[in-house]
Amino acid sequence: MRNLTMMTDFYQLTMMNGYFLKHKTGETAVFDVFFRQKDTMNYAVFAGLDQAIDYIENLRFSADDIEYLRSLGTFHPDFLEYLKNFRFTGDMYSVCEGDIVYPQEPIMIIKAPILEAQLIETALLNIVNHQTLIATKSARIVYAARGKNVVEFGLRRAQGPDAGIYGARASIIGGCRGTSNVLTGKMFNIPVKGTHAHSWVMSFDSELEAFRAFAEVYPDSCLLLVDTYDSVQGIKNAITVFNELKAKGHKPVGIRLDSGDLAYLSKLARRMLDEAGFPDAVVFASGDIDEYLLEALYSQGAKIDVYGVGTKLITSEDMPSLGGVYKLSAIERNGVLEPRMKISDSIVKVTNPGFKTLYRIYDKKNGMAVADLIALGGEKIDKPLVLTHETERWKTTTLADYDIRCMLHKIFENGKNVYDSPTLEKIVEFADAEKSKFWDEYKRIAKPHIYKVNLSNGLYELKHEILEQNKSR
């Protein structure tokens, strides 16, 4: 557990100081966390709630923090006194880690005194943006692997220790089945994987000598990296060592390819291993792998059993940020919530006002997800349910026989954690189950089918009422 209270943008503190001086400490605000549409990603796998909870539970300014802020000469002495007893006292709602979520949907809602709600924006976005991004990249890679196991191998290329640790955890939520990161394995009880690098082979006088030495140390978990010099000769040398292990009563695990044409080499290796009497030996592939290469390898009939994916997963190389935002949606005055709405010339930046909730609708016959509905808090959902496209109003879908799930759960109430956090194992089970409830058309890598995300009638009417009012300002 760490105190990350000072991990915030300076303007959050200047706004807090201003709110304090303008006597807004008793004013409650509602903020939504959501992400905007990305060309390369039509959905996301939510992650980061566990660390977000830890962050909020440890919110407090130390004496050193306050003295540092005092030294900046920006903040009023009375505000600095107020910070001495600062704690989060509000409410927080969130979807579950492992939930599939879509652009514009509220994945977190904060309802708290405005100074508290303002402070936590930066850290919450930092945590959720990164971990959701990596969980999503992992889900895309695992989907493209077509049922083959994927192991996260990216620690050395991650942007710092936290990105490596929590990125690896997020990759497990996305669908990876192990990591090379030993600290992450220890912290979250994740299987750790790995054998040897090219340096092991190069430290011996010959590749065959290196393989024999490794097999002697690890006779029952022998997986050999065969591409240090020549991949084909490396496979032959591995088979020689596997025969020696077999004669001693041991069963080799397989080989790893880390370079070259993985489709060609994997098919060649599979044939050579089968002909040598090792049909159960796995072909493990690593290198610069992502979902696009996996699609190509699948189309070319590659014979790969397990993938180790590093740089392009842990950095989400093709899309380095999620684009999650934190926007004010309501202010409570005299016990009444007044909706607030960001209006912009860019339609994607127009926000949804008011205190809201999020529903997922499933077809009762087959259990598959049909649509999501963003609704006002407390709004009645009718049966049959008519879904109407927000901008193309002639597009409607009527649902009569459906199940509905409220996706937002209360995490904090009056500053107290009221959420029973599941284990990572349970999160993975939930994530796998939810992904199975979406048709492949929604999950495909290129040009996926558009999943329906609709506004309720009440939210639509409120939004357009505010837009009309804004015209007369």
Side-chain angles (χ1 to χ4, degrees), residues 32-35 37 41-47 49 93-109 132 135-136 139 143 173-175 329 351-411 419-420 422 426-444 447-464:
D32 299 343
V33 176
F34 60 93
F35 71 98
Q37 183 71 48
M41 187 176 75
N42 65 308
Y43 71 91
V45 178
F46 179 71
L49 176 59
Y93 303 79
S94 177
V95 300
C96 297
E97 288 197 281
D99 251 325
I100 290 181
V101 290
Y102 286 88
Q104 307 301 324
E105 294 184 341
I107 55 179
M108 279 183 162
I109 293 177
T132 300
T136 306
Y143 177 77
I173 294 172
S329 61
T351 61
N352 291 316
F355 183 79
K356 297 173 290 294
T357 192
L358 177 65
Y359 296 104
R360 177 149 295 154
I361 301 155
Y362 303 87
D363 188 319
K364 202 158 193 170
K365 293 178 181 177
N366 55 32
M368 301 299 282
V370 176
D372 288 0
L373 184 69
I374 309 171
L376 293 172
E379 184 176 359
K380 187 175 182 291
I381 307 301
D382 296 321
K383 278 195 177 185
L385 175 62
V386 179
L387 300 175
T388 305
H389 194 282
E390 182 181 358
T391 56
E392 300 168 10
R393 302 299 287 171
W394 64 91
K395 293 183 179 179
T396 62
T397 302
T398 301
L399 303 173
D401 197 19
Y402 62 86
D403 289 320
I404 190 166
R405 173 170 71 95
C406 182
M407 296 178 66
L408 288 165
H409 303 270
K410 184 171 276 189
I411 311 300
Y419 182 65
D420 187 12
K426 291 295 183 183
I427 292 170
V428 170
E429 288 177 8
F430 170 76
D432 289 347
E434 280 305 298
K435 280 185 285 187
S436 72
K437 295 173 184 176
F438 285 80
W439 297 108
D440 285 340
E441 288 83 351
Y442 296 125
K443 296 181 287 189
R444 67 177 174 237
K447 297 183 182 292
H449 191 61
I450 302 301
Y451 181 75
K452 295 180 180 66
V453 177
N454 291 85
L455 305 186
S456 67
N457 290 335
L459 179 54
Y460 176 83
E461 290 167 4
L462 174 62
K463 187 171 185 177
H464 284 267

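Atoms considered below: every heavy atom in the structure, side chains included; atoms not considered: hydrogens, waters and symmetry mates. Residue numbers count from 1 along this sequence.
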Seminar exercise, completed: Per side chain to side chain contact (heavy atoms under 4.5 Å, CB included), R360 is matched among I404, V95, D99 by D99

For this session: Taking the side chain as every heavy atom from C-beta outward, state whether V453 and Q104 have any atom pair closer than 4.5 Å.
Result: no

For this session: Would you give the length of the straight line joining atom SG of C96 to atom CD1 of I107, rounded to the nearest 0.5 angstrom?
Result: 12.5 Å

Exercise. Parallel, tilted or perpendicular: which fits the ring planes of H464 and Y460, with parallel below 30° and perpendicular above 60°?
Worked result: tilted

Problem set entry | Counterpart residues, side-chain contact (heavy atoms from CB on, under 4.5 Å), relative to D440 (two or more places apart) | Y143, K443

Seminar exercise, completed: Sorted by chain and number, sequence neighbours left out, side chain to side chain donor-acceptor pair (under 3.5 Å) with K395 holds for E392

Problem set entry | CD1 on I100 to CZ on F46, rounded to 0.5 Å | 14.0 Å

Exercise. Where the side chain of S329 meets the backbone of P353, is there a donor-acceptor pair that is under 3.5 Å apart?
Worked result: no

Exercise. Quick check: does any side chain N or O of K364 sit under 3.5 Å from a backbone N or O of A400, one acting as donor and the other as acceptor?
Worked result: no

Problem set entry | Residues which pass ring-ring contact (aromatic ring centres under 6.0 Å, His included) with Y359, listed by chain and number, not counting sequence neighbours | none

Exercise. Excluding sequence neighbours, so at least two apart, what forms side chain to side chain donor-acceptor pair (under 3.5 Å) with E97?
Worked result: R169

For this session: Answer whether the closest heavy-atom distance between the side chains of R405 and E434 falls below 4.5 Å.
Result: yes

For this session: Output all residues satisfying salt bridge (charged side-chain N to carboxylate O under 4.0 Å, His left out) with E441, sequence neighbours left out; order by chain, then residue number.
Result: none

Exercise. Side-chain contact, heavy-atom cut-off 4.5 Å: Y442 with H449?
Worked result: yes

Exercise. Would you say the side chain of D32 lies within less than 4.5 Å of the side chain of T351, judging by non-hydrogen atoms?
Worked result: no

Seminar exercise, completed: For N366, the side-chain contact (heavy atoms from CB on, under 4.5 Å) test, sequence neighbours excluded, returns D363, M368, W439

Problem set entry | Side-chain donor or acceptor of N454 paired with backbone N/O of L373 under 3.5 Å | no

Exercise. Is a salt bridge present between D420 and K426, judged by a nitrogen-to-oxygen distance below 4.0 Å?
Worked result: no

Problem set entry | Set of side-chain contact (heavy atoms from CB on, under 4.5 Å) partners for T398, sequence neighbours left out | P384, V386

Exercise. Is there a side-chain contact between S94 and Y419, using heavy atoms and a 4.5 Å cut-off?
Worked result: no

Exercise. Hey, is the main chain of L387 close enough, under 3.5 Å, to the side chain of T396 for a donor-acceptor pair?
Worked result: no

Exercise. Below 4.5 Å, heavy atoms only, C-beta onward: do L49 and M108 meet side chain to side chain?
Worked result: yes

Exercise. Parallel, tilted or perpendicular: which fits the ring planes of F438 and Y451, with parallel below 30° and perpendicular above 60°?
Worked result: tilted

For this session: Kindly write out the residues that satisfy salt bridge (charged side-chain N to carboxylate O under 4.0 Å, His left out) with R444, not counting sequence neighbours, or none if the list is empty.
Result: none

Problem set entry | Y93: partners by ring-ring contact (aromatic ring centres under 6.0 Å, His included), with sequence neighbours left out | F355

Exercise. Got more than 12 heavy atoms from elsewhere within 6.0 Å of NZ, K383?
Worked result: yes

Exercise. Looking at residues at least two apart in the chain, or sitting in another chain, which of them share a side-chain contact (heavy atoms from CB on, under 4.5 Å) with N42?
Worked result: Q37, Y102, P448

Problem set entry | Residues in ring-ring contact (aromatic ring centres under 6.0 Å, His included) contact with H389, at least two apart in sequence or another chain | none

Seminar exercise, completed: The ring-ring contact (aromatic ring centres under 6.0 Å, His included) partners of Y402 (sequence neighbours excluded) come to none

